[in-house]
Every structure is written in structure tokens, then in C-alpha cells.
Amino acid sequence: MKIGVKCGPEKWETLLENTKPDCLEIWYRLDWKERYNELIDYLQKKQIPFGLHFWAVLKDGYEPNLAYGGAIAEESAELMFQTIDIAQAIGATYVNVHPGSLFLTRLDLDNMRMHVLTDQNVDERQAYESLSLHAKQLHHYADERSILFLIETVPKNVPFHWKDSTGRENAQKSQQISPEIMIKLAKEAIYITNDISHTLASWDDVPAAELFSRLYAVTEQLALQTKLIHLNTTCPPFNGTDSHNGVLEEDFEQSVLPTREQLVKLLRLFKDRDDVWIIPEPEIDKMEKNYWEIRKLIKALNHESIKTKNT
């Protein structure tokens, strides 16, 4: 496993100098293309592999949504094709996208707000058919350009905003793409990003004690096609939204899931994989500490493997 960090077009210099990571993920807004030039120049000079986490807003203010079908899915795919072209031009390894949901959502990236339009939806069959069609087209297009096209697991619901924790208090029932559909995509050879806290938040109607067993089962079924892990945790309430907590002691003191022991069990599924990247997604000021803590977890796993081989 390769261990990296994540950043946008700001506050990256000290982070990269202090961590010297194996890899990096860029929070990539398509409309901010020019803002990333200095960061990309640095990564190229230092020969640090990097990928792009796609973000954009459709022309009518909607969140991109490959699952919704029709003009929405077509416009979403077109922006992703453009991002794949950019990834090829700048030497990125992958383009990672969110698949969408059964409902349309208005997205305001500048103010970090979302609004689900609950009167405009498709059913699960329609969502799967649209998502599968566009995912295969994008996968093929990316593969021809030596880019990995990744689709990320998503929570069931979304907050009203992500400026602070209050956005999660009354989750919006967005019906984002389910683990069952993600498993179907993986069986169709689509590459997967398993965001651990997103996958954990795929259910809003089961006891907290059952969440890890479900998370583990899905992670195991997605493992073969998983190329990227967003290593996050979520604190209560477990209402189908994620909190982007990390893996520090201060996080575990908040009763986050997965626990430290559960994270180790998940990572054990990937311990012999050199084609999987691990990227945490806490607040930027906690990124460095999370990076070093993840390195400790992986070191312990590697030591475990050595002991097993020598036994």
C-alpha cells in the first residue's frame, strides 16, 4: 500500500515538505484549473505520483450525477471526460468521481452547501443502468489514456452543508448510490475508491453495533477492484452521513467508527497490495498528524506479515 495526503490549491507547501508522501490526491475543482499550476509543477519536479478528485457544478447548479440519466448524466460525463484529458496532460494517475444519487442535488461549492430536490428522482434500476453505461464509457476512455477512472463509495444521505458539524444534524434523504450497485460495478471491472466512512454511512436504519460487519462485508466484496482507500472515520450520530474524522486518539475518544482495531482488520485485506493508495481526508490542519498515524498502522501490519512468514 502507498500512503499519501490530500490537498487543494492552497496550504500544501509545508504539508508536502514535512511528510514527503508516497502519493497525493488533489481536491480538483474543474473551474479552478489554473489555481493548481504551482502545486502540479512541484509534484512533477519531485516525482510524487498524484490523482485528481473531481469536483464541478453543472450549468444549472446541479451536482454531477452519472446515475440520474438523461441530460444530467450526459453533462456530468462530459465534464469527467474533460478531467481525464487534463489528467493525461499533467501526468496524473487517476480521476476519482462520486457516482451520484436517485435525487437531483443543487451544489454550492463556494459556500459548501447542498440542497436535495426531493420531487425529482429516478429509481434504483434506472440509476444503475445510467451509471453502468457512463462508467464503462469513462473507464474505456481513461484506460486508453493510461488513467485510472475510479468511482467512490458514497454515504446514503447528505448534510445541508459541510462548513461544520451542524450540517449533519438533519440529514437530507438523497438516496446516494448503494453498496449493492457499487458491487455490481466492481463485478463489471470498474475501479473503486472505498471511502471507509462513506461506506459505513450507507445505512441509516441499523444499530451502530451492526455497522462494522456490513462495512467489512462490502469492503471485502469491493477489494479486488479497489485502487484507492479514503481512510476516514465517522462520529455519532450514525444517520447516513459522514463526519470526516480521522485516525487520531482525539477521534477515537469521540466513539468514531470504525474503531482503531476495526481499521486494522479492514487494512489487512490490502496488506499485500502495492497497487492501492491510502489517502486520509481530515481537515487540512490535521492532515500531517493523520498521515503519520496511518504510517504507524501500516508499519504494524507489515510487521505482522513478517512474523507470520517467519512462523
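Below, all heavy atoms of this structure are taken into account, side chains as well, without hydrogens, waters or symmetry copies. Small disclaimer: the values here were computed from a predicted structure and weren't measured.
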Report task. Answer with yes or no whether the hydrophobic clustering places V5 together with L263; edges join I, L, V, M, F, W, Y residues whose side-chain heavy atoms lie under 4.5 Å apart. Result -> yes

Query - Any residue meeting side chain to side chain donor-acceptor pair (under 3.5 Å) with N111, in chain and number order, not counting sequence neighbours - result: D108

Query raised in the report: Should V122 and V154 be counted in the same cluster of Ile, Leu, Val, Met, Phe, Trp and Tyr side chains packed under 4.5 Å apart?
Result: yes

Query - F50 and T93, any side-chain heavy atoms less than 4.5 Å apart - result: no

Requested in this report: For residues 142-165, pull every pair meeting ring pair (Phe, Tyr, Trp, His ring centres under 6.0 Å), keeping only residues two or more places apart or in separate chains.
Outcome: none

Report task. Could you go through the side chain to side chain contact (heavy atoms under 4.5 Å, CB included) check for Y216 and Q262 one step at a time? Result -> CA-CA 9 Å; Y216 187 86; Q262 289 169 342; over 6 Å; no

**Report entry** Sequence neighbours excluded, every pair satisfying salt bridge (Lys or Arg N to Asp or Glu O under 4.0 Å) that has a member inside residues 35-56
**Finding:** none

Report task. Please identify each residue that fulfils salt bridge (charged side-chain N to carboxylate O under 4.0 Å, His left out) with K59, with sequence neighbours left out. Result -> none

Query raised in the report: Okay, side chain of Q120, backbone of L104: is any donor-acceptor separation there less than 3.5 Å?
Result: no

Query raised in the report: Within a strict 4.5 Å, meaning less than it, do heavy atoms of the T153 and T193 side chains meet?
Result: no

Requested in this report: Mark yes or no for whether K2, through its side chain, and D274, through its backbone, hold a donor-acceptor pair below 3.5 Å.
Outcome: yes

Query - Salt bridge D275-K227, side-chain N to carboxylate O under 4.0 Å - result: yes

Query - salt bridge (charged side-chain N to carboxylate O under 4.0 Å, His left out) involving R113 - partner list, sequence neighbours excluded - result: none

Requested in this report: For residues E13 and Y42, determine if any side-chain heavy atom of one lies less than 4.5 Å from a side-chain heavy atom of the other.
Outcome: no

**Report entry** Exercise: do T219 and N194 side chains pair donor with acceptor under 3.5 Å
**Finding:** yes

Name each donor-acceptor pair under 3.5 Å that joins a side chain in residues 20-28 to protein atoms two or more places apart or in another chain, with its distance.
unit_1	atom_1	unit_2	atom_2	d
K20	NZ	E17	O	2.7
D22	OD2	I3	N	3.0
E25	OE1	Y94	OH	2.5
E25	OE1	H230	NE2	3.3
E25	OE2	K6	NZ	2.9
E25	OE2	H230	NE2	2.9

Report task. Apply side chain to side chain donor-acceptor pair (under 3.5 Å) to D195 and S197, showing your working. Result -> CA-CA 6 Å; D195 184 307; S197 61; 3.0 Å; yes

Query - Closest contact, heavy atoms only, D204 versus K156 - result: OD1-NZ, 3.2 Å

Query raised in the report: Around atom CD of E210, are there more than 12 heavy atoms of other residues, nucleotides or ligands at under 6.0 Å?
Result: yes

Query - All side chain to side chain donor-acceptor pair (under 3.5 Å) counterparts of S130, not counting sequence neighbours - result: none

**Report entry** Check: P282 and N290 side chains under 4.5 Å, non-hydrogen atoms
**Finding:** yes

Query raised in the report: Are side-chain heavy atoms of R29 and L109 found at a separation under 4.5 Å?
Result: yes

Query raised in the report: According to a 4.5 Å side-chain heavy-atom criterion applied to Ile, Leu, Val, Met, Phe, Trp and Tyr, with indirect links allowed, do I279 and L301 form part of one hydrophobic cluster?
Result: no

Query raised in the report: Hey, quick one: are I86 and V57 part of the same hydrophobic cluster, counting side-chain heavy atoms closer than 4.5 Å, chains of contacts allowed?
Result: yes

Requested in this report: Kindly indicate whether a cation-pi arrangement holds for K173 with F103, taking the cut-offs as under 6.0 Å to the six-membered ring centre and within 45° of the axis.
Outcome: no

Report summary line: Quick note, side-chain hydrogen bond (donor to acceptor under 3.5 Å, both in side chains) partners involving residues 76-85, not counting sequence neighbours, are D85-Y141

Query raised in the report: Do the side chains of V97 and I151 get nearer than 4.5 Å, heavy atoms only?
Result: yes

Query - E283 atom CD: more than 12 heavy-atom contacts under 6.0 Å - result: no

Report task. Output every pair passing ring pair (Phe, Tyr, Trp, His ring centres under 6.0 Å) with a member in residues 165-185, not counting sequence neighbours, ordered by first then second residue. Result -> none

Query raised in the report: Do E152 and N96 have side-chain atoms, one donor and one acceptor, less than 3.5 Å apart?
Result: yes

Query raised in the report: Q175 versus V116: any side-chain heavy-atom pair under 4.5 Å?
Result: no

Requested in this report: With sequence neighbours excluded, give me every salt bridge (Lys or Arg N to Asp or Glu O under 4.0 Å) pair touching residues 123-142.
Outcome: R125-E129, K136-E188

Query raised in the report: More than 12 heavy atoms of other residues, nucleotides or ligands under 6.0 Å from CG of N37: is that the case?
Result: yes

Query raised in the report: Do other residues, nucleotides or ligands put more than 12 heavy atoms under 6.0 Å from L117 CG?
Result: yes

Query raised in the report: Would F54 end up clustered with I84 when hydrophobic side chains under 4.5 Å apart are linked, directly or stepwise?
Result: yes

**Report entry** Within residues 237-249 or reaching into it, pairs that qualify as side-chain hydrogen bond (donor to acceptor under 3.5 Å, both in side chains) - sequence neighbours excluded
**Finding:** R168-T241, H198-D242, N239-T241, D242-H244, S243-N245, N245-D251, E249-R260

Requested in this report: Taking side chain to side chain donor-acceptor pair (under 3.5 Å) as the test, write out the residues that go with S174, two or more places apart.
Outcome: none

Query raised in the report: Does S101 reach the side chain of Y68, with side-chain heavy atoms less than 4.5 Å apart?
Result: no

